[in-house]
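I have placed the structure first, in the form of C-alpha cells, so that the comments after it can refer back to it.
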Amino acid sequence: MSWQDNRIQAAIKGTNPMLMKELKGGYLVFGDVQFLPGYCVLLPKREVASLNELTLEERSAFLLDMSIVGDSLLASTSAIRINYDILGNTDQFLHAHIFPRYAWESDARRKMPVWLYDASNWSNPETAYHEHQHRALRQQILATLNQHY
C-alpha cells in the first residue's frame with residue numbers, strides 16, 4: 001500500500017513524505033502540487049469523513065491549526081490572502097486545503113476558487129512538488145510555523 005492510499009495513516013506512522021509537522025489538531029502536509037507556492041493540506045489526527053465527526057475540542061484544535069498555518073503562509077510567502085477549503089466531495093476523509101493567493105495571479109483567476117484553474121495543474125509534472133525546487137519554501141513555512149508551536 002502506498003502512502004498516497006491513506007494519507008492520514010501515513011502521517012500518523014511518519015511515512016508520508018509530505019509531512020511537515022504534527023500540530024495540536026492535525027498533521028500538516030505540503031501539497032503534492034505547487035502551482036500556488038506554499039499550498040498545504042491539514043489532515044486530522046484520526047480518520048473521519050467530515051469536520052462534524054470530530055468532538056468540539058478536536059474541531060477547535062483542527063480549525064485553529066488551519067488558521068495558524070494560514071498565518072505562517074502569509075509570513076513565509078508573498079501571498080496577499082489565504083483560501084481555506086474543506087470540501088469532502090471527492091476524497092471521503094476530512095482534510096483542509098490551505099491555498100496562498102498571489103498578486104501575480106490574473107485578476108479574473110484570483111477572484112475565483114482555486115478549483116477553477118485548469119485541471120492540468122493537478123497532474124502536470126511542472127507544477128508537481130519537487131524536493132530540490134520547493135525545499136527552501138517548505139523549510140521557511142515550517143520555521144515560521146514553529147514560532148507558533
Side-chain angles (χ1 to χ4, degrees), residues 1-103 105 109-117 119 121-124 127-131 133-149:
M1 179 196 266
S2 165
W3 65 270
Q4 294 163 315
D5 294 329
N6 191 321
R7 292 169 185 263
I8 296 169
Q9 281 302 311
I12 291 168
K13 293 177 183 175
T15 58
N16 184 330
M18 305 308 282
L19 180 64
M20 294 175 70
K21 184 174 181 70
E22 179 179 358
L23 306 174
K24 292 176 184 173
Y27 295 93
L28 180 64
V29 297
F30 210 58
D32 294 358
V33 296
Q34 291 293 309
F35 63 92
L36 292 171
Y39 162 57
C40 293
V41 177
L42 183 62
L43 304 170
K45 292 237 174 159
R46 62 186 180 94
E47 292 181 61
V48 294
S50 74
L51 186 66
N52 304 91
E53 291 182 31
L54 297 177
T55 66
L56 291 179
E57 184 177 324
E58 289 171 322
R59 288 181 206 183
S60 294
F62 186 83
L63 293 172
L64 180 60
D65 284 348
M66 187 178 70
S67 69
I68 292 171
V69 170
D71 292 339
S72 297
L73 290 172
L74 287 170
S76 302
T77 68
S78 61
I80 56 174
R81 73 171 179 272
I82 304 297
N83 285 170
Y84 305 92
D85 280 327
I86 300 175
L87 302 170
N89 296 334
T90 303
D91 294 320
Q92 299 300 306
F93 60 91
L94 173 62
H95 59 288
H97 299 272
I98 308 168
F99 291 105
R101 301 304 299 265
Y102 294 94
E105 295 176 79
R109 182 71 65 208
R110 195 172 55 246
K111 293 177 183 177
M112 302 301 286
V114 170
W115 309 110
L116 296 181
Y117 265 93
N121 284 299
W122 300 99
S123 59
N124 185 337
T127 60
Y129 171 78
H130 297 288
E131 175 68 19
Q133 182 179 350
H134 299 106
R135 179 185 316 121
L137 176 58
R138 184 173 169 167
Q139 290 174 338
Q140 178 59 42
I141 294 166
L142 185 56
T144 306
L145 186 62
N146 284 336
Q147 296 173 7
H148 295 281
Y149 291 96

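Of all the heavy atoms in Thr144 and Ala75, the pair that sits closest is CG2-CB, 3.6 Å. The shortest heavy-atom contact between Leu137 and Ser76 is CD1-O, 4.0 Å. Of all the heavy atoms in Pro100 and Pro37, the pair that sits closest is CG-O, 3.2 Å. Shown here for Asn121 and Val33, the closest heavy-atom pair between the two residues is O-CG1, 3.6 Å. When all heavy atoms of Tyr84 and Ile98 are compared, the pair lying nearest together is CE2-CG2, 4.0 Å. For Ile12 against Lys45, the heavy-atom pair with the smallest separation is CD1-O, 3.5 Å.
In this structure, Thr127 contributes its side chain and Ser123 its backbone to no donor-acceptor pair below 3.5 Å. Side-chain atoms of Asp91 do not come within 3.5 Å of backbone N or O of Phe93 as any donor-acceptor pair. Side-chain atoms of Gln139 do not come within 3.5 Å of backbone N or O of Ala136 as any donor-acceptor pair.
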Checklist line | Thr77/Ile82 under side chain to side chain contact (heavy atoms under 4.5 Å, CB included): CA gap, chis, key distance, verdict | finding: CA-CA 11 Å; Thr77 68; Ile82 304 297; 5.7 Å; no
Next item on the list: List the steps, then state whether salt bridge (Lys or Arg N to Asp or Glu O under 4.0 Å) holds for Arg7 with Asp32.
Entry: CA-CA 12 Å; Arg7 292 169 185 263; Asp32 294 358; 2.7 Å; yes
Next item on the list: Any chance you could lay out the side chain to side chain contact (heavy atoms under 4.5 Å, CB included) test for Arg101 and Val114, step after step, and finish with the verdict?
Entry: CA-CA 9 Å; Arg101 301 304 299 265; Val114 170; 3.4 Å; yes
Item checked: Stepwise side chain to side chain contact (heavy atoms under 4.5 Å, CB included) check, Leu145 with Lys21 -> CA-CA 9 Å; Leu145 186 62; Lys21 184 174 181 70; 4.0 Å; yes
Next item on the list: Determine, stepwise, if the pair Ile80 / Arg110 fulfils side chain to side chain contact (heavy atoms under 4.5 Å, CB included).
Entry: CA-CA 10 Å; Ile80 56 174; Arg110 195 172 55 246; 3.4 Å; yes
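Side chains of Trp115 and Asp85 form a contact here, defined as non-hydrogen atoms less than 4.5 Å apart. Residues Ile86 and Leu63 are in side-chain contact: their nearest non-hydrogen atoms beyond the backbone lie under 4.5 Å apart.
In this structure, Asn83 CG and His97 NE2 are separated by 12.0 Å, a value rounded to the nearest 0.5 Å. Going from atom CG of Leu87 over to atom OG of Ser50 covers 12.5 Å, rounded to the nearest 0.5 Å. Between Gln4 atom CD and Met18 atom CE the span is 9.0 Å, to the nearest 0.5 Å. Taking NE2 of His95 as the reference point, atom CD1 of Ile8 lies at 9.0 Å (rounded to 0.5 Å). Distance check: Leu116 CG to Arg109 CZ gives 7.0 Å after rounding to the nearest 0.5 Å. A distance of 11.0 Å separates CG of Leu43 from CD of Gln9, quoted to the nearest 0.5 Å.
Checking each of Phe99, Tyr129, Tyr117 against Tyr39 for a ring-ring contact (aromatic ring centres under 6.0 Å, His included) leaves exactly one that passes, namely Phe99.
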Side chains of residues 23-30: which donor-acceptor partners sit under 3.5 Å, not counting sequence neighbours?
none

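Take Leu54 and apply the side-chain contact (heavy atoms from CB on, under 4.5 Å) test, not counting sequence neighbours, and it matches Arg46, Val48, Leu51, Glu58, Arg59, Phe62, Leu94.
Residue Glu57 qualifies as open at atom CD: its count of foreign heavy atoms under 6.0 Å is 12 or below.
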